[in-house]
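Written out below as structure tokens is the structure these notes cover.
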Amino acid sequence: MTHISSWRSPSNIALIKYWGKHGIQLPNNPSLSFTLSACHTDMTMHVTPGSSNPQLNVLYDGNERPAFEPKIKSFFNRIADQLPWLLQSSIMIDSINTFPHGAGIASSASSMSAMALCLMDIDSQVNARTDELKNAAWWNKVSELARLGSGSACRSVFPVAALWGEVSGISGSSNSYATPWADHVSSIYHDYQDSILVVSNAEKSVSSTEGHELMSGHAYEETRYAEARKNIHTLIESMKTENAIDQFISVCESEALQLHALMMSGKKPFVLIEPASISIIKEVWRFRNETNIPVCFTLDAGPNVHLLYPASYKESVLGWIKTNLVPFCADGFFILDEVGTGPQKI
Ligand code: 2P0
């Protein structure tokens, strides 16, 4: 018998950054992210358990992609103790991302969370369980499996916002899986905008995996983790109301610049931002000062700039992007995304 499951799962953008880990994708500091909407993966998984000669077939948009198989196999080996049927099954995975490959948008968060959702759904089918979908423990398990695929993926499974990692004073916060955070933020953040300015679509010179490793023994290691713990408390407080956007902006921008400052100040320094990223940041500061429109930036592990702002400023910000910021984008390319409602069975 073949079991089939299809899920749409979004990417996410960290406001407090996960940078530095131990064990198997256990974070050295807590992080907090917005769940995105337009940038997502659609995945379909076919699983035939009890195969004497199990095959793994990985497709992207209907075309075979054997290059993706090693990472998926090592993920499956890592989680086989939790899904005993996994290594005795023939599996076919077909996925597609809405964001173009090479747009500098990390696909591991959306694809690994989609994979965790398909696997958990199929685990329910294999074990003839029907009542588990949407139960909080089920979602925690999805988040934990996603984390084992890629750390940041564990935050993609919850709507609006997610917190990952132990935070003092927040019961239920865990290093193993993310905690849904939508109920802890003002409604202004439920449809917050994220316009992604694609500065470069070149392959990154240093992978995130290597970046995490370089945090071990970094001169500012302990200072950084202490800063992240302090910043997450400030951010959480600021997001409870719509009246503390100044504080929200200050923490977001500080976290983004700190992430890249850590890259530049380690034992093996590296630079992922580009001159255009800096030009955009300066233009954001100029525009915000002149207009009082509360737009701010954050950065992922790459040169692209995410502009974050309330939905009520959509029109003014779009006009400004088109006139002042498109010249800094590779081929003029940008993506209009926003905070979203989380994964969806399709
Ligand atoms: C984050 N990043 O919090 C941070 C900010 C990049 C910059 O998580 O090795 O792909 O799979 O656990 O999740 C990128 O690292 O790393 C990342 P793994 P991941 O989103």
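Note that ligands are numbered from 1 as they come in the structure, with each ligand's atoms numbered from 1 the same way.
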| query | Can you find an N/O atom of W19 closer than 3.5 Å to an N/O atom of ligand 1? | reply | no
| request: Name the closest protein heavy atom to atom 1 (C) of ligand 1, giving the residue it belongs to and the distance to 0.1 Å. | output: R155 NH2, 3.4 Å
| message | Among all the protein's non-hydrogen atoms, which is closest to atom 13 (O) of ligand 1, and how far away is it? | response | S152 OG, 2.7 Å
| said: Give me the atom names and distance for the closest heavy-atom approach of M1 to P49. | reply: O-CD, 3.3 Å
| said: Rounded at 0.5 Å granularity, tell me how far CG in L148 sits from CD1 in I79. | reply: 7.5 Å
| task | Supply the atom-to-atom distance F99 CZ to F333 CZ, rounded to the nearest 0.5 angstrom. | result | 11.0 Å
| Going by the atom numbers of ligand 1, which of them fall below 4.0 Å from some non-hydrogen atom of L259? | 7 (C)
| Minimum non-hydrogen distance to atom 7 (C) of ligand 1, winning option of I16, I13, D300 | D300
| message | If we only consider heavy atoms of M112, is any one of them less than 4.0 Å away from an atom in ligand 1? | response | no
| said: Ignoring hydrogens, what is the shortest heavy-atom contact between E253 and R288? Give both atom names and the distance. | reply: OE2-NH1, 2.7 Å
| request: Determine whether the side chain, the backbone, both or neither of A14 has a heavy atom under 4.0 Å from any heavy atom of ligand 1. | output: side chain
| request: Check each atom of ligand 1 against the heavy atoms of S208 and keep those under 4.0 Å away; list them by number with element. | output: 14 (C), 15 (O)
| Selected option - heavy-atom contact closest to atom 19 (P) of ligand 1, from G20, S150, S33 | S150
| query | At what distance is the nearest protein heavy atom to atom 4 (C) of ligand 1, and which residue and atom is it? | reply | Y18 O, 3.1 Å
| task | Please report the closest heavy-atom contact between S6 and T44, naming both atoms and the distance. | result | OG-OG1, 2.7 Å
| message | Between R286 and E283, does any NZ, NE, NH1 or NH2 come within less than 4.0 Å of an OD or OE carboxylate oxygen? | response | yes
| query | What part of S108 sits under 4.0 Å from ligand 1 if we count only heavy atoms: the side chain, the backbone, both or neither? | reply | side chain
| request: If you have a sec, work out which protein heavy atom is nearest atom 15 (O) of ligand 1 and how many Å separate them, to one decimal? | output: H212 NE2, 3.1 Å
| field | Salt bridge K230-E227, side-chain N to carboxylate O under 4.0 Å | value | yes
| is_close_aromatic(Y309, F287), centroid dist under 6.0 Å | no
| field | Shortest non-hydrogen contact from T241 toward N243 | value | OG1-N, 2.6 Å
| request: With S110 as reference, evaluate T98, T41, D42, N12 under the side-chain hydrogen bond (donor to acceptor under 3.5 Å, both in side chains) test and give the passing residue. | output: T41
| If you count the atoms of ligand 1 from 1 in the order shown, which ones are under 4.0 Å from a heavy atom of K21? | 9 (O), 12 (O), 18 (P)
| message | Counting only nitrogen or oxygen atoms and a 3.5 angstrom limit, does N12 reach ligand 1? | response | no
| said: I want to know if ligand 1 touches G149 in the polar sense, i.e. an N/O pair below 3.5 angstrom. | reply: no
